[in-house]
Number of protein chains: 2
Amino acid sequence: MTTSIKTRVLDRIDLAILDALQRNGRISNVNLAKEVNLSPSPCLDRVKKLESEGYIEGYTARLNAAKLGQHLVAHVEITLKSSTEAVFEVFKQHIVKIPNVVSCDMVAGGFDYLVKIRVQDMRQYREVLGQIVEIPGVGTNHTYMVIEHVKEDMGVEVLNYQ
Amino acid sequence: MTTSIKTRVLDRIDLAILDALQRNGRISNVNLAKEVNLSPSPCLDRVKKLESEGYIEGYTARLNAAKLGQHLVAHVEITLKSSTEAVFEVFKQHIVKIPNVVSCDMVAGGFDYLVKIRVQDMRQYREVLGQIVEIPGVGTNHTYMVIEHVKEDMGVEVLNYQ
DNA sequence: AAATAAAACAGCATATTCTGCTGTCTTTTC
DNA sequence: GAAAAGACAGCAGAATATGCTGTTTTATTT
């Protein structure tokens with residue numbers, strides 16, 4: 001269930017590969033090899049190894065949500081009625097199934113979960129919020145509508161190399 | 001500065017391509033064509049068009065942050081001392097430059113910005129929080145440390161097709 | 001310090017893929 | 001109903017992927 005915790009020391013070439021693939025996940029192996037000053041074969045070996053060891057979890061096309069009709073993002077703070085493990089479990093099982101839920105983090109502090117949702121419009125926001133508050137055990141909720149995206153990186157800092 | 005707002009009706013093949021590339025950004029064009037029941041040439045044409053029209057913004061390798069030493073994620077709510085455009089502008093210019101800031105959304109509601117940061121440990125958290133609160137105009141802040149990642153999708157729902 | 005073992009590398013060769021071009025068929029427009 | 005535009009499959013040359021081999025470098029052991 002849990003992923004491997006095994007770790008090894010990545011040298012600067014590995015880090016350069018990760019950085020390059022994070023910036024352009026569809027770069028050809030030949031060009032990637034040039035970028036990290038390696039010939040194609042060992043470069044491919046390293047990429048395969050980084051994939052199999054779990055440093056690289058996959059590759060994704062970044063899509064423009066607004067052009068696909070998803071115009072609104074909201075952050076919803078959820079507090080559960082009780083803090084028992086059973087209630088947490090029920091909430092998790094339901095929340096992951098809602099397709100408009102982009103992310104859901106359990107947090108320490110004034111509430112229990114911070115849920116990020118992406119919806120087409122206010123009508124769909126109400127619909128999704130309805131689905132969330134109807135999950136058994138959900139107490140209070142508070143929504144913060146996103147007015148402006150200032151930064152959206154989703155990348156992992158890898159720049160200890162050079 | 002702003003991206004094109006032009007939009008067109010995407011047919012089910014375009015949507016299938018977007019869905020496939022979101023799930024596997026490094027799939028070969030030949031296999032992508034098989035997946036959407038097309039021959040390679042028109043499939044490549046469609047991908048190029050989706051890229052040039054901005055539906056696809058880029059391709060990214062998803063990296064395992066924990067294996068790269070980034071073990072903590074925190075959500076920080078920021079309230080500015082005043083709500084003038086000049087103060088907003090200064091805040092934005094500073095916050096985007098902090099590499100540990102993964103995302104930053106201006107929100108409507110009880111505070112002004114919701115900032116997501118990714119750090120190695122508590123020591124670095126304090127360091128990054130220090131950088132944030134020293135941005136001119138920053139008033140109060142409140143941090144919610146992430147205890148558990150329940151869902152992390154980052155994808156856009158594209159499944160209106162077949 | 002020398003010998004051995006292990007790891008990383010470049011180069012090569014074949015299989016696969018990319019990608020521009022052409023002609024055909026379908027759909028749209030006038 | 002004719003013309004134009006768009007979408008498609010197939011083809012071919014160029015580029016890339018990828019397994020294999022031998023060499024060099026690095027690490028380990030004696």
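This is a predicted model, so every value here is computed, not measured. Numbers restart at 1 for each chain; the letters A, B, ... are given by sequence-line order, proteins then strands.
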request  = Assess the pair A:Tyr113 and A:Phe91: is the distance between their ring centroids shorter than 6.0 Å?
outcome  = yes
Is there a path from A:Ile78 to B:Val146 through hydrophobic residues (I, L, V, M, F, W, Y) whose side chains come within less than 4.5 Å of each other?
-> no
*If you look at every strand shown and take non-hydrogen atoms under 4.0 Å, does B:Ser28 touch a base, only sugar-phosphate, or nothing?*
sugar-phosphate
Note to self: Under 4.0 Å between a side-chain nitrogen and a carboxylate oxygen: does that hold for B:Asp121 and B:Arg126?
What the structure shows: no
When rounded to whole Å, the NZ to C1' distance for the pair A:Lys34 and D:dT16 reads 10 Å
Rounded to whole Å, CG of B:Asn29 lies from C1' of D:dA17 at a distance of 15 Å
In A:Ile95, A:Val102, A:Val96, A:Val115, the residue satisfying side-chain contact (heavy atoms from CB on, under 4.5 Å) with B:Lys151 is A:Val96
Separation of D:dT16 atom C1' from B:Arg26 atom CZ, nearest Å, is 11 Å
5' to 3', nucleotides 20-26 of chain C under a 4.0 Å protein heavy-atom cut-off (B base, S sugar-phosphate only, - none) gives B------
Taking C:dC9, C:dA10, C:dC18 as options, the one with an atom nearest any side-chain atom of B:Val30 is C:dC18
For the hydrophobic clusters of this structure (ILVMFWY residues joined by side-chain heavy atoms under 4.5 Å, transitively), does one cluster hold both A:Val138 and A:Tyr125? yes
Basic-acidic side-chain contact under 4.0 Å: B:Lys92, A:Glu148
yes
To the nearest angstrom, the CG-C1' distance between B:Asp14 and D:dC8 comes to 14 Å
In whole angstroms, the gap separating C1' of D:dC8 from CD1 of B:Ile17 amounts to 13 Å
From CG of A:Leu10 across to C1' of C:dA8 the rounded distance in Å is 16 Å
A:Asn31 atom CG is separated from D:dA14 atom P, nearest whole Å, by 19 Å
B:Glu51/A:Arg62 salt bridge by N-O under 4.0 Å criterion: no
Closest of C:dC9, D:dT18, D:dC8 to the B:Pro42 side chain is D:dC8
When rounded to whole Å, the CG to C1' distance for the pair A:Asp11 and D:dA27 reads 15 Å
